Structures are given as C-alpha cells and as structure tokens.
Amino acid sequence: MTKAKLLYVETFGCQMNVSDSEKITALLKGAGYNLTKDSSIADLIILNTCSVRAKAEQKVYSYLGRFKGFKGKNPRLLLGVGGCVAQQEGERLLEKVPYLDIVFGTHNLHLLPEIVLAAEKGRRLAEVSFIDNEKRLDLFPTDDTADGISRFVTIMQGCDNFCSYCIVPYVRGREISRRSSEILDEIRKMADKGVKEVTLLGQNVNSYGLKSRGEPDFAGLLQEVAGVSGIERIRFTTSHPKDISPPLIACFAELPKLCGHIHLPAQAGSDKVLSRMNRGYTRKQYLEKIAALKAVRPDIQITGDMIVGFPGEDEADFRETLSLMEEVGYADLFSFIYSVRPETKAAEYPDETSRLEKQERLERLQSLQRKMTLEGNRSFVGTRQQVLVEGTSKRGGQLFGRSSGNRVVNFAADPSLIGKIVDVAVIKAFQNSLLGELISG
Ligand code: SAH
Ligand code: SF4
Ligand code: F3S
C-alpha cells in the first residue's frame, strides 16, 4: 500500500471559502490526500484566498513566502492557490510566484484532482475559467468526513449586484442557485448523521431561485428546509436588504425553526453614499425592512457590515452611519475602511479623505458598536435562552452554544448535553459572550 499523501489547507475570507475548503478536502481525499493540521509535513499546501480588500490579498503573498522554505526540506511539496485571488490573478500568479505549482479559480474546484495529478508530474498550471450554469454547484461530493452539530449548506453562488466597491461579482461570477432537490437531499443526509442546525449559505441568499424556472424562491426554500425532520434550527447568510421580501419576513413569524437573527449589512447610513455604492435602497427603505422584521419577531438580533471612508463620504455622511447604527441597535457589526479594488466602479471615484481621517472614523464607529454590543448583552441578564450546545468551551468544565439570536452562551453542565437544545438562565454578560446556568428539567 502506498503511503497517504498529506494535504494542508489554509482558508482566508468568508464562509464561502470555509465551505469550499471542506469541498477541496473531500475531493482531494478521493485523490489520495489526507488532511493534516501541520503545514511543515504536508505534500500539498493549498491557500484558499480572499480578495475583498487589499490587505486580504496581500496576506497570500506573505503566506506563500513562508511556505516556499518548506520546498527545500520536501522537494515533492506542491503549492497551490485557489479562491478569489486565484480567480483575480489567474496565469499572472504563476508568473509572479515562480515556485507556485497550481492556480485554480472559484468555479474549478471539481477539476482539482486532475490538476493535482498533472502537477505531481511536474506541470505548472492555472485553471480559472467560469462555468455559468447551475451544474457547477452539483459537481461536489458531500463531505461525509466533516461532522458536527451545525453545518453550512451552499444554496447559491456568485453575485449580480455589482456594488461599486466590491470585487466579489468579478471573482465569483454570476449568481447561480443550486437546485432545491440537491439542497434538500444534502440536508436530509446531514440530519441523518445528527446535524441539528443548518446555515444556508450564499452571497445574497434572498435572491435564491429568482433566476431559475421551477424552483421555489428563498421563502419557499426555507419552508421546505423547515420540513426536514431532525433539523431543529435554520440560519442563513448573507442577506441583501433590497431583496428582503414580505414572504421572507413572514417566515420569521411562521417558522419556529428559523433562528431569531439576521445578518443584514447596510454598508452606510447616508443616501448619498448608498447611491454611490449602488446598493439599491435608501436609508428609509432599509429602516422600514428592519421595522418589519422587528414587528414580526420583536426579539430579532440584527448584525451587519459597514464601510467607512467610501470616496466622497464626508463627516455629515459618516454621522448618518452612526445614527443608523443607533436606530437599528445592531447586536454586532463588522466594519472596514474602504479599500480600492481592481475592476470596480468606485476605483475611478476621486477620494479626498485622508487615511488618518478614515482611521479615526473607524475607531469612533467601533467604539460605539462595542458599547452597544455590551449593552445588548447585558439586556439578556435575567432572561431564559434556548441554547444549542455545540461543545466544551476553552474554560474548564463549561459547555458552550448559541442562543437563537446567535449569542455565545457558556455554562457548566455535563458534556452529554452536546447536540441538544437546553434552557439556560443568563446570569452575566461580557463583551463577546454570556454566562449562564442550566435550567434542569
Ligand atoms: N455578499 C455579502 C458580503 C460580501 S463581502 C454582502 O453583500 O453583504 C463582505 C463585506 O466586505 C461587505 O459586506 C462589505 O462590508 C465589505 N467589503 C466589500 N468590499 C469592500 C471594499 N472594497 N472595501 C472595504 N470593505 C469591503
Ligand atoms: Fe459585493 Fe454587493 Fe454582491 Fe455583497 S451584494 S457580494 S457587497 S457586490
Ligand atoms: Fe473574500 Fe471571495 Fe469571500 S473575496 S469575502 S473569499 S467571496
């Protein structure tokens, strides 16, 4: 028997990439590679990359520099780059990085076993062609090796929105929905293996099915997923505000399995900036959707993303972002300084705000959010939360899980509760988690 070869995967960027890395692992297992957590002993290292901001892109080069040294010790070692930087750079990446063996794009995961085989024979290759039909989402084996209580399920890929700052439509291609029969099959198989919670994944899940004939829309898909027995909780990410429809809002009232949390990025608070970002909604429309969600689910937890220092954003615009945050009352927020991305529309916009000013705005925004997050966490003290127990926490003797609203809750209890939904009384709030006590019986 030949010795199994070892694969190391480093994942950057969003949940899409986390999910793609699982698929890469499953595909390469079929090609004789077992996963290792130790990069220094690997025979194949794959970087699954992100290009959403310049900093994320630069990381790839520093990691590659680090892994180059391993080639001296193991001349058989192959280095591959996949994901969004690979898609953006293609062949150029092989020219820039002479010791790189493989480049594969975001639509080419299924070709990896062939590509790796060719690389083992000494070929250097880049495969970054787009496949623009739903077949590209059906080409993967279900990753039977991954287990867990909570799993991600890709329901669509790509994006047609072309927000003026964003590279995703260029590196992930056009929006394509996976067939609902495939999605439900995968979820049923997961439920059979003990999975309790699924998170439906896509760049813009709210527009699921709108371009496909004979498929449900996103609200319809949620209803079908809720019908899978064994699945007790459903989440989804990411949502685009313009596509939050009344039937989807109704799901929060009608489907008890649908968790009380939505990630709904606003990106900015002023209409001027929103319009220049090509977001397709006004501040008023965004707030109306939030109000409609809160009306049907008063305890709904809202998280989001915000960009500061977009070209043309002045102090008054920025204050509108801060006031929007207060009006919404975000449970948590990811915030970024605008980063110029190749090919995007906003790359042509004149940008007069200094780096220092942008940094200062980011700090003001983040300090407001920290305060709101802590206040939000404190508001749970004295309440009873249903927690899906996911595992043992780093602190000895405690279990951790998430409330329906997606807060992390730690509490002392027996590990036999892992995988169960239990009632927990919240007794203390921290910046990033809650402390609770198990309510027995
Ligand atoms: N599809 C998702 C997320 C896309 S990328 C959505 O539409 O919500 C994740 C986040 O990165 C975005 O929500 C945005 O806040 C941020 N982002 C994207 N492009 C950026 C850029 N050029 N500079 C700074 N932040 C950016
Ligand atoms: Fe990027 Fe906008 Fe698409 Fe989100 S919706 S991925 S921010 S273009
Ligand atoms: Fe990054 Fe690509 Fe996701 S650019 S955010 S890894 S879709």
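Here the structure is a predicted model, which means the values were calculated and not measured. Below, all heavy atoms of this structure are taken into account, side chains as well, without hydrogens, waters or symmetry copies. Note that ligands are numbered from 1 as they come in the structure, with each ligand's atoms numbered from 1 the same way.
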Among all the protein's non-hydrogen atoms, which is closest to [atom], and how far away is it?
atom: atom 7 (S) of ligand 2; value: Tyr165 OH, 3.3 Å
atom: atom 9 (C) of ligand 1; value: Asp305 OD2, 3.8 Å
atom: atom 5 (S) of ligand 1; value: Val52 CG2, 3.8 Å
atom: atom 22 (N) of ligand 1; value: Ser339 O, 2.8 Å
atom: atom 4 (S) of ligand 3; value: Ser51 N, 3.3 Å
atom: atom 15 (O) of ligand 1; value: Gln267 OE1, 2.7 Å
atom: atom 3 (C) of ligand 1; value: Gln203 OE1, 4.1 Å

Any atoms of ligand 1 less than 4.0 Å from a non-hydrogen atom of [X]? List them with their elements.
X: Tyr338; value: 23 (N), 24 (C)
X: Arg341; value: 22 (N)
X: Arg53; value: 11 (O), 16 (C), 17 (N), 23 (N), 24 (C), 25 (N), 26 (C)

Are more than 12 heavy atoms from other residues, nucleotides or ligands located less than 6.0 Å from atom CD of Glu114? no

At a cut-off of 2.8 Å, list the protein N/O/S atoms near atom 3 (Fe) of ligand 3, residue plus atom name.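 Result, waters dropped: Cys14 SG.
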
Go through the side-chain N and O atoms of [X] and [Y] and say whether any donor and acceptor fall under 3.5 Å apart.
X: Gln366; Y: Ser335; answer: yes
X: Glu10; Y: Ser39; answer: no
X: Tyr61; Y: Lys96; answer: yes

Check: Lys55 side chain, Ser339 main-chain N or O, donor-acceptor pair, under 3.5 Å: no

Please check: side-chain N/O of Arg283 versus main-chain N/O of Gly269, any donor-acceptor pairing under 3.5 Å? yes

Any nitrogen or oxygen of Tyr165 lying under 3.5 Å from a nitrogen or oxygen in ligand 1? Just yes or no. yes

Ser239 versus ligand 1: do any nitrogen or oxygen atoms come within less than 3.5 Å of each other? no

For His261 and Thr303, what are the C-alpha separation, side-chain angles and deciding distance, and is it a side-chain hydrogen bond (donor to acceptor under 3.5 Å, both in side chains)? CA-CA 8 Å; His261 167 230; Thr303 56; 2.9 Å; yes

Determine whether any heavy atom of [X] lies closer than 4.0 Å to an atom of ligand 1.
X: His240; result: no
X: Ile337; result: yes
X: Thr238; result: yes

Provide the closest heavy-atom pair for Phe152 versus Leu201 in the form atom of the first, atom of the second, distance. CD2-CD1, 3.8 Å

Side chain, backbone, both or neither: Pro265 near ligand 1, heavy atoms under 4.0 Å: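 Looking at Pro265 and ligand 1, just side chain atoms fall under 4.0 Å.
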
Between Gln87 and Tyr170, does the side chain to side chain contact (heavy atoms under 4.5 Å, CB included) criterion hold? Intermediate values first, please. CA-CA 8 Å; Gln87 190 64 51; Tyr170 303 94; over 6 Å; no

When the ring planes of Tyr286 and Tyr330 are compared, do they come out parallel, tilted or perpendicular, using 30° and 60° as the limits? tilted

What protein N/O/S atoms are found closer than 2.8 Å to atom 2 (Fe) of ligand 2?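 Correct list: Cys163 SG.
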
Residue pair Leu222 / Leu200, side-chain heavy-atom distance below 4.5 Å: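 Yes, their side chains come closer than 4.5 Å.
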
Heavy atoms, side chains only, cut-off 4.5 Å: are Arg364 and Arg319 in contact?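 Yes, side chains in contact.
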
Within 45° of the ring axis of [Y] and under 6.0 Å from its six-membered ring centre, is that where the NZ or CZ of [X] lies?
X: Arg407; Y: Phe380; answer: no
X: Arg276; Y: Phe310; answer: no
X: Arg66; Y: Tyr63; answer: yes

Evaluation steps, side-chain hydrogen bond (donor to acceptor under 3.5 Å, both in side chains), between Asp243 and Asn204: CA-CA 8 Å; Asp243 297 315; Asn204 179 19; 3.2 Å; yes

Where do Glu197 and Thr199 land on the side-chain hydrogen bond (donor to acceptor under 3.5 Å, both in side chains) test, with the steps shown first? CA-CA 7 Å; Glu197 177 181 270; Thr199 302; 4.7 Å; no

